[in-house]
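Here's the structure we're looking at; comments come further down.
Start at 1 and go down the list; that is how both ligands and their atoms are numbered. Not measured: the values here are computed from a predicted model.
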Amino acid sequence: MTRRICVAIAGAGIGKAHILGYAQLPHLFDVRYVCDLNPERAAAGAAEAPGSRPISDLDAVLADPQVELVDLCLPPRLHAPMTLKALAAGKHVVCEKPLAGSLADVSEIRDAAAQFDRQVFPIFQYRYGAGYHAAHALKRKGLLGRPFVLSLETHWDRRADYYAERWRGTWEGELGGALVSHAIHAHNLVAHLAGEITEVAAFIDTRVNPIETEDCAALSMRTREGALVSSSISLGACGSTSRFRALFEHMTITSGTEPYHIGSGPWTFEARDPARQAEVDAIVAEHDQGIFRFAGQFADVHARLTGGAEFYLPSLDEAYQSIELITALYDAARNRRIVSLPLPSDHPLRKGWLPA
Ligand SMILES: NC(=O)c1ccc[n+]([C@@H]2O[C@H](COP(=O)([O-])OP(=O)(O)OC[C@H]3O[C@@H](n4cnc5c(N)ncnc54)[C@H](O)[C@@H]3O)[C@@H](O)[C@H]2O)c1
């Protein structure tokens with residue numbers, strides 16, 4: 001019989017969407033606590049998870065031996081310290097992005113996970129959607145060929161109401177701007193589908209909102225498989241969309257534009273050879289149904305912790321790479337140079353990119 005994993009969610013902003021994800025998997029997870037310093041948010045979150053308790057004290061959650069997994073949906077500056085604390089308390093950890101504000105912090109998390117024999121699962125929910133599943137299946141079957149170029153748009157609408165939450169838009173609270181908080185998902189898809197990013201050049205600016213951190217960027221990148229990647233980022237769009245277009249040797253893939261669900265449909269898959277289109281369409285149709293978004297990733301977490309069959313769970317190494325990419329992008333923009341990855345262990349921004 002499947003073992004249910006006892007989970008506590010900390011932070012009930014986007015944490016509420018995580019709660020709904022666990023609610024889709026009642027046979028896999030038992031949500032025991034919804035923890036938030038704001039009692040109304042804790043109560044509203046707990047109301048979505050039958051049998052759970054609202055609570056404000058994260059230390060009390062960590063002290064409960066029944067809790068096996070802690071899901072951190074806290075403001076970014078708390079991710080690394082709370083992950084370390086939860087690991088030391090013997091918990092596995094799901095953590096929202098960004099996992100940390102420096103490569104040094106991710107390395108410390110990696111060491112702590114090994115020391116306490118626990119696992120850390122960074123959230124990259126864009127991976128879990130019908131369109132992206134189909135794209136990756138076509139890659140695994142060798143039907144895409146070499147990646148030529150990828151074009152990404154993270155064009156969101158973020159104004160004063162968004163920045164009313166005080167941690168947002170600040171280096172200390174958010175650890176960065178749109179590179180760290182918004183485009184991180186699309187950049188993870190690039191590495192997963194077309195190879196790790198090996199070179200970057202970047203223009204980064206604050207043009208839309210009166211904030212400390214960046215809200216616009218134009219990035220150029222190259223991947224290990226040779227793909228040339230353009231990533232256009234702005235929080236000044238009229239309406240929010242994300243888009244992912246990938247030109248491979250044998251196929252052109254275009255994602256949907258739903259900002260929080262870019263992994264889902266409708267994606268289009270256009271084969272170069274019309275004779276293969278029917279085969280491609282059949283593979284795409286096979287991936288139309290499934291458990292998507294946060295629930296998809298949580299199902300994979302459950303599989304990992306219980307020895308079940310995983311799909312393609314984002315790893316701690318991928319979180320490291322995502323933080324390494326952000327480090328390289330800030331370096332490239334500030335010093336107006338092309339930066340190669342992986343970064344050397346003595347890179348000057350290894351302990352963080354926050355301005356002095
Ligand atoms: N994966 C995604 O698509 C996605 C979407 C939105 C936000 N996020 C990320 O999720 C994280 C949270 O973002 P948000 O928009 O929900 O922020 P938020 O500020 O709306 O929610 C954070 C909550 O944490 C609570 N909190 C703060 N410190 C706490 C503590 N010590 N103990 C218990 N509760 C505490 C706050 O009261 C608040 O309710 C951020 O890192 C953000 O980047 C990810």
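Residue His185 has at least one heavy-atom neighbour below 4.0 Å for each of these atoms of ligand 1: 1 (N), 2 (C), 3 (O). Atom numbering of ligand 1 starts at 1 in the shown order; those under 4.0 Å from a heavy atom of Glu165 are 19 (O). Close contacts of ligand 1 with Cys73, meaning ligand atoms under 4.0 Å from a residue heavy atom, involve 12 (C), 22 (C). The contact set between ligand 1 and His79, taken as ligand atoms under 4.0 Å from a residue heavy atom, comprises 41 (O). The atoms of ligand 1 that sit less than 4.0 Å from any heavy atom of Leu78 are 28 (N).
Leu74 CD2, 3.4 Å is the protein heavy atom nearest to atom 35 (C) of ligand 1. The nearest protein atom to atom 27 (C) of ligand 1, hydrogens excluded, is given as Pro75 CD, 3.7 Å; this is a heavy-atom distance. Distance from atom 18 (P) of ligand 1 to its nearest protein heavy atom, with residue and atom name: Arg41 NH1, 3.6 Å. The shortest contact between atom 3 (O) of ligand 1 and any protein heavy atom is with Gln125 NE2, 2.8 Å. The single protein non-hydrogen atom nearest to atom 39 (O) of ligand 1 is Asp36 OD2, 2.6 Å, given as residue, atom name and distance. The shortest contact between atom 24 (O) of ligand 1 and any protein heavy atom is with Gly11 CA, 3.6 Å. Counting only heavy atoms of the protein, atom 43 (O) of ligand 1 lies nearest to Lys97 NZ, 2.8 Å. Among protein heavy atoms, atom 15 (O) of ligand 1 sits closest to Arg168 NH2, 2.7 Å.
Gln321 and Asp317 share no side-chain donor-acceptor pair at under 3.5 Å.
Looking at Glu174 against ligand 1, nothing comes within 4.0 Å, counting heavy atoms.
Taking only nitrogen or oxygen atoms, main chain and side chain alike, Tyr260 does not reach within less than 3.5 Å of ligand 1. In terms of polar-atom proximity, defined here as any N/O pair under 3.5 Å, Leu37 does make such a contact with ligand 1.
Closest of all the heavy-atom pairs between Val93 and Ala86 is CG2-CB, 3.6 Å. Residue Tyr22 comes nearest to Val94 through the heavy atom pair OH-CG2, 4.1 Å, listed as atom of the first residue, atom of the second, then distance. Scanning all heavy atoms of the two residues, the minimum distance from Pro65 to Lys91 falls at CA-NZ, 4.0 Å.
Look at Arg3 and Glu68 and you find a salt bridge, because one of the NZ, NE, NH1 or NH2 atoms lies within 4.0 Å of a carboxylate O, short of that distance. Taking a cutoff of 4.0 Å between a charged side-chain nitrogen and a carboxylate oxygen, Glu318 and Arg127 qualify as a salt bridge.
Around the CZ atom of Arg159, the shell of radius 6.0 Å holds more than 12 heavy atoms that belong to other residues, nucleotides or ligands.
If you take NE2 on His79 and CG on Leu175, they are separated by 8.0 Å, rounding to the nearest 0.5 Å.
Close placement of the Phe292 and His133 rings is indicated, their centers lying within 6.0 Å of each other. When ring centroids are compared, His261 and Tyr126 stay outside the 6.0 Å threshold.
For Trp167, the closest heavy-atom approach to ligand 1 falls below 4.0 Å.
Because its NZ or CZ atom is both nearer than 6.0 Å to the ring centre of Tyr162 and within 45° of the ring axis, Arg158 counts as a cation-pi partner of that residue.
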